[in-house]
Amino acid sequence: MIKTLRLSFALKNTYRVNSILYSIKQIPLLKRIIPEGVYHIRGFKLFANVLSVIWEILTVFLGKLLYFLLMIVGAASLYSLPAESQGQVFLHLLLVLTLIGAVMNTYMFNPTKDKYYAMILLGMNAREYALTNYFYAIGKVLVGFLLCSFLFGKGAGLTWWQCLLIPFFVAGAKLMVAAAELRDYEKNGNVGNENKLNKLIWWIIAVFLAVAYGLPALGILLPVKVSVTAMCFFVAGGLISVKKVIAFRDYRAMYQELLAGSMMQMDPSAQAKLQREASNKLISADTDIASSKKGFEYLNELFIKRHQKILWKSTKKITYVSMAVIAAVLLGFVLMPELKEGVNGVLLLYLPYFVFVMYMINRGTGFTRALFVNCDHSLLTYPFYKQPKFILKLFKIRLREIIKVNLLPASVIGAGLSLLLYASGGTDNPWNYIVLFVSIAALSVFFSVHYLTIYYLLQPYNAGTEIKSGTYQLIMWLTYMVCYMMIRIKMSTVVFGIMTIVFCLLYSVIACALVYKFAPRTFKIRT
Amino acid sequence: MKFCIEHLIKSYEKKQVLKDIDYAFEDGKIYGLLGRNGAGKTTLFNCLNGDIRYDSGKIYLEEEQQTRNVLPEDIGYVLSTPTVPEFMTGREFLKFFLDIHEDSIVEPKTIDEYFEYMGIETEDRDRLLKNYSHGMKNKMQMLVNIISKPNVLLLDEPLTSLDVVVAEEMKQLLRNLKEGRVIIVSTHIMDLALDLCDEIVLLSHGELERVDKEELDNREFKEKIIAALREDGND
């Protein structure tokens with residue numbers, strides 16, 4: 001038992017340490033400094049080991065602290081309930097949420113890598129491994145919840161024995177679910193998988209969520225007595241279930257089945273293959289599609305037409321939705337004139353918010369992904385395709401196309417915003433109308449240029465269509481963060497709009513210059 | 001014509017994969033490139049094809065005592081897993097390819113003649129390439145590599161996943177193609193190398209080394225090659 005625990009720790013630690021080192025190696029600048037042999041350099045290993053141990057300890061408390069803080073105490077504070085009901089709402093939320101958690105977070109039925117490595121790949125004794133690690137996980141639950149229930153429960157006015165009951169109740173509920181699923185496996189051969197719950201369970205979860213958060217809003221709370229009785233019931237049930245969990249013999253067979261499905265997910269090339277198939281499905285099978293153009297224009301036209309689903313069709317949908325929203329607001333002005341003032345203020349101050357909106361509706365990432373997987377992935381293996389003049393020619397054509405695709409909803413949104421500004425009472429500075437329209441269009445052009453440029457300059461995919469560039473992922477993440485931060489900025493529309501227009505123009509010019517200079521060298525399949 | 005590699009070196013961090021590649025390939029011959037797993041065959045091909053940069057060395061063509069740099073269009077590279085643009089039909093891909101090479105293809109044939117030549121059936125010509133079988137994709141890839149008539153044709157593990165009939169067709173095709181160009185075939189399969197290739201070149205210790213057949217019969221020749229390869233694994 002102890003040996004199994006020690007071994008599974010060592011195993012988990014090894015791959016955790018290696019993943020930490022691997023991730024460090026993916027960071028663009030560090031990549032160059034850190035040597036290839038990082039995996040067996042003592043200093044690095046020690047450092048990663050320390051991180052790994054800290055992580056193990058954090059997992060005991062961190063998740064639970066957040067859970068109590070956000071989902072129970074935080075949520076409870078949103079209801080305007082008298083102080084003496086704090087304990088009651090605490091128990092109400094905890095009871096119902098725990099039942100959901102018992103199904104969604106079983107540990108036993110979570111197909112994870114460590115289980116796969118240990119039981120399938122390394123052939124450790126499955127029953128021993130499963131039980132040891134399961135009870136270790138339950139132990140973590142007890143310790144983590146004990147701390148949290150005293151920390152938060154006392155504050156909510158629970159008695160000490162109620163606080164003490166909580167961890168055993170949570171563990172008991174988990175054990176009961178596990179035992180029930182094991183029985184189901186024995187009887188019907190169904191293998192539970194907490195990541196693939198069936199529809200019925202999802203409905204039940206939805207109902208439970210409504211019970212948890214909906215009832216208190218209506219002023220209905222489970223009486224403390226009911227909660228406590230239910231908790232005691234689960235503690236007793238949990239104790240009985242321990243017997244089933246230990247007596248169960250078929251862990252090896254059950255895990256074989258459970259993990260078989262997730263082995264695919266662990267193999268990045270298998271996953272890339274799945275994604276490739278998904279991308280292939282985007283190709284329209286419409287036999288009427290044809291092109292009368294020639295050369296690269298021919299290639300491009302066929303590509304655009306056969307990828308309607310992610311390009312024009314989706315951009316048209318966005319356009320219609322935008323029109324509908326604008327029309328709805330206009331209608332709102334007629335029905336509720338007091339709306340006007342608010343909207344007018346928003347339009348003159350919250351243009352930065354639309355950076356995020358434009359980010360969200362841009363088709364750039366989907367376009368470049370499809371470009372690679374369905375087109376460049378194969379054509380880049382042909383020498384003619386890599387000739388600088390052709391790379392640049394196609395870049396120009398593609399840039400033109402993606403700008404067109406993105407500009408349609410952008411112009412509708414831009415014009416719509418100007419219209420709303422006018423209809424909501426207008427402005428003293430007529431520049432606002434122009435700036436609104438032009439800056440939204442400029443943003444759309446910016447995103448089009450941005451995605452295509454980084455695609456050409458970094459070409460992040462390898463032959464297996466996996467993303468192999470840390471820099472690319474970093475830029476994607478930064479793009480998101482910057483756009484997201486814009487939500488918080490409040491600035492005069494004229495000022496921000498002009499800044500945006502200038503920035504987008506400059507960026508586009510510089511980006512294209514960079515592509516012309518570097519793409520012939522950088523635009524190739526990663527090895 | 002000769003396809004020459006001089007003192008080509010390529011390392012990944014500290015590991016030198018290609019130590020000193022020095023070889024002159026002559027036209028009209030099919031070369032079988034043999035090497036153990038990890039010997040650097042793919043790295044070498046990627047260097048020759050310009051997919052990765054090498055650290056030092058020279059690659060050039062020698063025609064009538066004149067040397068010149070290798071241009072992308074000099075090289076055809078047929079990968080082991082055939083890659084074709086999935087969103088096009090066979091006919092569209094071929095039309096696109098012919099459009100691009102309009103000026104450089106001497107005496108182009110019609111699209112259907114090319115299909116005929118490769119044995120691609122009429123009903124398959126207007127299907128999307130994503131629905132082609134492995135063997136058919138391979139034929140398409142081969143076809144476009146043949147049309148542009150590159151001076152050097154690199155084939156990475158060809159024929160390994162083709163059915164016996166297609167594999168035999170391909171072999172014959174390669175034999176017909178070798179006139180006037182260098183064909184280099186990397187493979188694991190000794191019998192294929194002996195059957196198809198005019199010369200056997202070993203990639204071991206990061207260097208290229210020709211194995212002379214001399215007077216040996218096939219069995220003795222095989223043993224010689226294996227002995228040479230085995231030596232590579234012992235260091």
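Source: prediction; values computed, not measured. A, B, ... follow the sequence lines: proteins, then strands. Residue 1 opens every chain.
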Side chain, backbone, both or neither of Lys524(A) within contact of chain B (heavy atoms, under 4.5 Å): side chain

Nearest non-hydrogen partners of Ile289(A) and Ser284(A), listed with the distance: CD1-OG, 3.6 Å

Per-residue contact mode, Asn46(B) against chain A (heavy atom under 4.5 angstrom): side chain

Segment of Leu379(A) engaging chain B (4.5 angstrom heavy-atom cut-off): side chain

Among Thr67(B), Val152(B), Val182(B), side chain to side chain contact (heavy atoms under 4.5 Å, CB included) partner for Leu61(B): Val152(B)

Ring centroid separation Phe390(A) to Phe296(A) under 6.0 Å: yes

Heavy-atom contact with chain A under 4.5 Å, split by part of Glu102(B): side chain

Interface moiety of Phe303(A) toward chain B, non-hydrogen atoms closer than 4.5 Å: both

Pair Tyr23(B) and Phe3(B), ring centroids less than 6.0 Å apart: no

Most contacts with chain A, counted as non-hydrogen pairs under 4.5 angstrom, among Lys15(B), Arg53(B), His101(B): His101(B)

Residue among Cys375(A), Ser291(A), Ala290(A) with most heavy-atom pairs under 4.5 Å to chain B: Cys375(A)

Region of Asp126(B) in contact with chain A, defined by heavy-atom distances below 4.5 Å: neither

Cation-pi geometry met for Lys10(B) and Tyr12(B) (6.0 Å, 45°): yes

Most chain A-contacting option - heavy-atom pairs closer than 4.5 Å, from Phe93(B), Phe96(B), Tyr77(B), Phe97(B): Phe96(B)

Residue Val78(B) versus chain A: region with a heavy atom under 4.5 Å: neither

Tyr382(A) versus chain B, the contacting section by heavy-atom distance below 4.5 Å: side chain

Inter-residue atom distance Asn362(A).CG - Ile318(A).CD1, 0.5 Å rounding: 8.5 Å

Residue of the set Arg125(B), Lys139(B), Lys109(B) for which salt bridge (Lys or Arg N to Asp or Glu O under 4.0 Å) holds with Glu116(B): Arg125(B)

Gln459(A) and Thr522(A): CA distance, side-chain angles, deciding distance, side-chain contact (heavy atoms from CB on, under 4.5 Å) verdict: CA-CA 7 Å; Gln459(A) 207 307 92; Thr522(A) 55; over 6 Å; no

